[in-house]
Participant: 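Dumping the structure here so I can ask a few things about it.
Here the structure is a predicted model, which means the values were calculated and not measured.
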Amino acid sequence: MTVHGFTLDGPRRAAELLLRVQAAGPQGLKVYPLAEEWKVSWQTVRRLVAVAEAAAEAIHGSAPSARAAVRGTLERRGRGPDTRLVWLPASESGPRRSRQTEMVALAASLGPWQALGIDDVASVLERQLRGALAEVPAERAALVRDLLARGFYYQPWMPRQMRDNDCVNAVLSALFYRSAITIGQYHSPRSGPRPVSLDPWTLVQALDGLYLLGPETGSTTPAMWALHRMEDVVWQKDTAVVLPRDYRPADLVGHGYGPFIGAPGEVSIRVPASEAPWVLESPLQGQIGEPEALDNGDFRVRLGVGHHLGIDLWARGLGLTVEPK
């Protein structure tokens, strides 16, 4: 039987892996690059990760003196090339701390959904919070209740009217089953009300409203559709929506939308002098060249993206003006 040099070196590498994960801190250690560093295959690195996890778990379940020496647990996060190992010190490890952290995240996300009036989503979050609260030790229950009551407050930036629970339910069902929807009347600020058939791709929460990202049925070009502008929405159960293989919502909407939605063409953005220090602090998405200084102190910025409604909404929110080319 052939014995590879690395097979004999495995225990040392597993120990090194544990030490490096502890030294990496809360961000953890990305393990995929170790294959190149150690000149081994990714499969070998995966086996070493499994050995390190097994060793940490064995010690964690052993005698109290051994557990005190280890003082923490090993946790794997991510998958494939994004896999990271994170060392959780004893004071932060264990299911109790994990549940408390999850409660904080749930409490922070509950406010926006309540403000939007989306009761079915908010009620799910509330049930999860109540269930998590029931597992909190009695001595911390009062502190947790105070956190949920006063630790987070969400003030809507722009109240949205024309919300229809039937519309939200139809959209959520269509997204779950990957089906199309028909809209009896879509109240567009440009073309007026009209019937529309859409292929839902992604539900986007932005500008304190809910928006559907997807193309009209029969098209491949996605757009943003406001749920508060939809009337008489019907989920088409017998249809099938197939998303492009390379589609990722972040590629289109990123941080907000506007220049983040790709479309052929070019537009210019006029940035008032009063807003320039903040808007131009870093290059805009799709920016072409440097900002052009105008005589009145304003700036003009060219973007390599076509003109669409998302650009107007994004610019309006920042106090900018769109100049289609």
Side-chain angles (χ1 to χ4, degrees), residues 109-126 154-244 247-263 305-317 322:
S109 62
L110 179 60
W113 289 106
Q114 287 177 325
L116 285 168
I118 311 302
D119 296 333
D120 46 0
V121 176
S123 64
V124 170
L125 294 176
E126 288 174 341
Y154 183 79
Q155 187 176 39
W157 175 73
M158 182 186 300
R160 291 295 188 185
Q161 303 302 322
M162 296 177 59
R163 286 192 299 270
D164 181 350
N165 284 336
D166 291 337
C167 166
V168 176
N169 290 336
V171 168
L172 292 177
S173 297
L175 283 167
F176 182 81
Y177 290 103
R178 289 301 182 199
S179 303
I181 61 171
T182 56
I183 304 171
Q185 295 289 329
Y186 185 78
H187 298 268
S188 170
R190 289 189 170 186
S191 59
R194 66 183 179 95
V196 180
S197 177
L198 299 180
D199 290 350
W201 285 7
T202 303
L203 186 66
V204 180
Q205 182 180 355
L207 297 178
D208 288 297
L210 291 178
Y211 295 80
L212 193 61
L213 177 61
E216 292 194 53
T217 301
S219 172
T220 58
T221 304
M224 297 289 282
W225 307 87
L227 267 67
H228 61 272
R229 297 186 181 278
M230 298 180 182
E231 185 178 338
D232 297 328
V233 181
V234 178
W235 162 39
Q236 301 299 320
K237 300 180 182 179
D238 297 329
T239 62
V241 173
V242 179
L243 275 61
Y247 164 68
R248 294 193 317 156
D251 293 338
L252 296 181
V253 294
H255 180 64
Y257 50 91
F260 298 89
I261 297 181
V305 62
H307 183 240
H308 53 81
L309 180 59
I311 286 277
D312 293 335
L313 291 172
W314 168 81
R316 192 183 309 158
V322 181

Participant: Would you say Tyr186's side chain and Ala226's backbone share a donor-acceptor pair under 3.5 angstrom?
Facilitator: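 Yes: the side chain of Tyr186 pairs with the backbone of Ala226.
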Participant: Are any of the side-chain heavy atoms of Val204 and Leu212 separated by less than 4.5 Å?
Facilitator: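 Side-chain contact under 4.5 Å: no.
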Participant: For Trp235, which residues count as a side-chain hydrogen bond (donor to acceptor under 3.5 Å, both in side chains) partner, sequence neighbours excluded?
Facilitator: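 Trp235 satisfies side-chain hydrogen bond (donor to acceptor under 3.5 Å, both in side chains) with Ser179 once adjacent residues are dropped.
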Participant: May I ask you to test the Leu175-Trp201 pair for a side-chain heavy-atom distance under 4.5 Å?
Facilitator: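 No; the side chains remain at least 4.5 Å from each other.
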Participant: Hey, are the side chains of Gln236 and Thr182 touching, using non-hydrogen atoms and a 4.5 Å cut-off?
Facilitator: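 Side chain of Gln236 against side chain of Thr182, heavy atoms only: contact under 4.5 Å found.
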Participant: Could you tell me whether Tyr211 and Trp225 have their ring centroids closer than 6.0 angstrom?
Facilitator: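 Ring centres of Trp225 and Tyr211 not closer than 6.0 Å.
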Participant: Is there a side-chain contact between Leu198 and Met230, using heavy atoms and a 4.5 Å cut-off?
Facilitator: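 They are in contact (side-chain heavy atoms under 4.5 Å apart), so the answer is yes.
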Participant: Identify the two heavy atoms, one from Leu243 and one from Pro200, that lie closest to each other, and give their separation to 0.1 Å.
Facilitator: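 It is CD1-O, 4.4 Å.
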Participant: Is there a side-chain contact between Asp232 and Ile183 (heavy atoms, below 4.5 Å)?
Facilitator: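 Result no, sub-4.5 Å side-chain heavy-atom pair not found.
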Participant: Give every residue pair that meets the salt bridge (charged side-chain N to carboxylate O under 4.0 Å, His left out) criterion with at least one member in residues 216-226, sequence neighbours excluded.
Facilitator: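 Of all non-adjacent pairs touching residues 216-226, those that pass salt bridge (charged side-chain N to carboxylate O under 4.0 Å, His left out) are Arg194-Glu216.
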Participant: For Pro215, is there any backbone N or O sitting under 3.5 Å from a side-chain donor or acceptor partner on Ser219?
Facilitator: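 No, Ser219 side chain to Pro215 backbone: no donor-acceptor pair under 3.5 Å.
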Participant: Can you name the nearest heavy-atom pair linking Pro222 to Leu213, along with the distance?
Facilitator: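 Scanning both residues, the minimum pair turns out to be CB-CD1, 4.1 Å.
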Participant: Could you measure the distance from the CD atom of Gln185 to the CD atom of Glu231? Nearest 0.5 Å is fine.
Facilitator: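 Output value for this atom pair is 6.0 Å.
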Participant: If you measure from OG1 on Thr217 to CD1 on Ile181, what distance do you get to the nearest 0.5 Å?
Facilitator: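 Answer for the OG1-CD1 pair, Thr217 versus Ile181, is 8.5 Å.
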Participant: At their closest point, which heavy atom of Pro249 faces which heavy atom of Thr202, and how far apart are they?
Facilitator: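 In terms of heavy atoms, the two residues are closest at CG-OG1, 3.5 Å.
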Participant: Show the nearest heavy-atom pair for residues Val233 and Cys167, with the distance to one decimal.
Facilitator: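 Heavy-atom minimum between the residues: CG2-SG, 3.6 Å.
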Participant: To check you understand the geometry: which heavy-atom pair defines the closest contact between Ala174 and Ala180, and what is its length?
Facilitator: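 Nearest heavy atoms, Ala174 then Ala180: CB-O, 4.2 Å.
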Participant: Would you mind listing every salt bridge (charged side-chain N to carboxylate O under 4.0 Å, His left out) that reaches into residues 165-186, with sequence neighbours excluded?
Facilitator: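 Pairs touching residues 165-186 that pass the test: none.
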Participant: Is it the case that over 12 heavy atoms from other parts of the model lie below 6.0 angstrom from the OH atom of Tyr247?
Facilitator: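 More than 12 within 6.0 Å, yes.
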